[in-house]
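Input: a single structure, listed below in C-alpha cells.
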Amino acid sequence: MQIQVAKRLQGTEEYYFSKKLREIDEMNQNGPKVINLGIGSPDLPPHPSVVEALHEQAALPNTHAYQGYKGIPALRKAMADWYQRYYGVQLNPDAEVLPLIGSKEGIMHICMTYLQAGDEALIPNPGYPTYRSAVNLSGATVVDYDLVAENGWLPDLDALAKKDLSRVKIMWVNYPHMPTGAKVNREFAAKLIAFAKAHHILICHDNPYSFILNEQPESLLQFEGARDVVLELNSLSKSSNMAGWRVGMLVGNATWIADVLRFKSNMDSGMFQPLQMAAVKALQLGPEWYDELNKIYRGRREKVFQLLDLLQCSYDKNQVGMFVWASIPDTYDNGYTLSDEVLQKARVFITPGGIFGSNGNGYVRVSLCQDEKVFQEAIDRIKTAIK
C-alpha cells in the first residue's frame, strides 16, 4: 500500500547533508576514510564545568519529570544575563526569553506561528537552507533576496523597497552570515530597522555565530528601534560547543514570544532539567572561554587558507564565523564540480556553495570543525591527488 505524502512535503527535498553523508559512509567502506570538512558541528567539548553540572543534576532523584514549556526560571535568567553581559541588551527573563530545543526548531516555530498560504517571506540567497524549507512547509511563498560580494553580502534594501512587499510578513536575516562570514554594521542595521518599520515586516535574525572569530559579538536588538521589528534566535551550539545538546533561545518582544509559545507548546515539551542547569553554567562562562575557543579556530583557519590556496580559490580573510567561504577558479563550472573532484580524487569533502542558493554557485565553504592535524592531512591529500 502506498500513502502519498502531504502537499506541504512535495516541494521539500531531503536535506543535502543528509544525502551526502550517506554517500560518504559508502565511500568509507571502500578505501581511506573521507575527511569531512563540510558540516559545522563543533568537534571540541563543552567546558568541563558544564559537563560536571549535567552529571550532578542528573544524579538527583527529582530532576527527571516533565518540564515547563518556557524553561526553568534559572535558565531564562541566565540567557537574559548573557545578553546583557555580552551584547548590552536588557531582556525581561519572564516575558522576552523563550528557551528552545535548538534554534533550528525556532525557525520552524516562527514560520508556523506567523505564515500561511498567501503570505510571503524574504529569504537570503545564499543562505541557510532551513529558512526556505520552513517557509515552504508553512504554506507561504518564498521570495529570494540577493546577497552578492560586491555589496558585502548585505541585502540591497533600496532595490527591495521598489518591489511589491504587501504580502511579505517576515524577512530572515543572519549575521554573522552563514555561509559567507559577512558581518552587519551599524549603518546597515539602522537602515534594516527603518525598512522593516516602513513595510510592516518582522525581521527574524538568526544569530548563532556571533562569538566565533568575531572580536565584538553583536545582536540586532542592541540597535535603536530594533525591539519594534526584530525577533532574534541564538544558540549554545557553536558558542559553547553544545550542538548535540540542542539548547537555543528566542528573544524579543513579549507579545511575539507569547505567540510563538502558543505553537511551540503544541509541538514539544520542556528540556531535560539537568540539561537546562548545565546550560546555565555554560551561559555564565567568562570571556576567557571564548578567547581560548577562538585561539583554536584561528589556527585552523590558517590551515583552511592553505587548503584553499592549493585549489586556487580566493577568499576574504576578514570573514568571521565557523566557516571559510571562497570563490572557485574559472576552470570549474561551479562549486559542485570542484567539491565532487576533491571528494573523488582526494577523499576530502568540502561544501558546494550552491546548496545555499543560486548566488553561491561559484563558491565553496569549508568548516573549521576539525583538528589542525586533520586539515594538514587534507592538504597533503589534495597536493597528491589534484594537479
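These numbers were taken from a predicted model, which means no experiment stands behind them.
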* Below 4.5 Å, heavy atoms only, C-beta onward: do W256 and L202 meet side chain to side chain? -> yes

* Asked: If only atom types and distance count, is the side chain of Y336 paired as donor or acceptor with the main-chain N or O of I355 below 3.5 Å?
  -> yes

* To do: Could you walk me through whether E377 and R381 pass salt bridge (charged side-chain N to carboxylate O under 4.0 Å, His left out), step by step?
  => CA-CA 6 Å; E377 182 181 349; R381 287 190 188 185; 2.9 Å; yes

* List in chain and number order the residues that pass ring pair (Phe, Tyr, Trp, His ring centres under 6.0 Å) with Y83, two or more places apart in sequence or in another chain; answer none if no residue qualifies. => Y87

* Considering the options W325, Y363, F323, F305, which one meets the ring pair (Phe, Tyr, Trp, His ring centres under 6.0 Å) requirement together with Y315? -> F305

* Atom CG in D206, atom OG in S103: separation rounded to 0.5 Å? -> 5.5 Å

* Hey, any chance L44 and V247 share a hydrophobic cluster, counting ILVMFWY side chains that come within less than 4.5 Å of each other, even indirectly? -> yes

* Answer yes if the ring centres of Y86 and F211 are under 6.0 angstrom apart, and no otherwise. => yes

* Tell me, please, which residues at least two apart from D371 pass salt bridge (Lys or Arg N to Asp or Glu O under 4.0 Å). => none

* Short N-O contact, K77 and D81, less than 4.0 angstrom -> yes

* With distance as the sole test, does N174 use its side chain to make a donor-acceptor pair with the main-chain N or O of H177 at under 3.5 Å? -> no

* **E23 atom CD, over 12 foreign heavy atoms within 6.0 Å** => yes

* Asked: Between T63 and Q57, is there a donor-acceptor pair closer than 3.5 Å when you use the side chain of the first and the backbone of the second?
  -> yes

* **R347 side chain to V34 backbone, donor-acceptor under 3.5 Å** => no

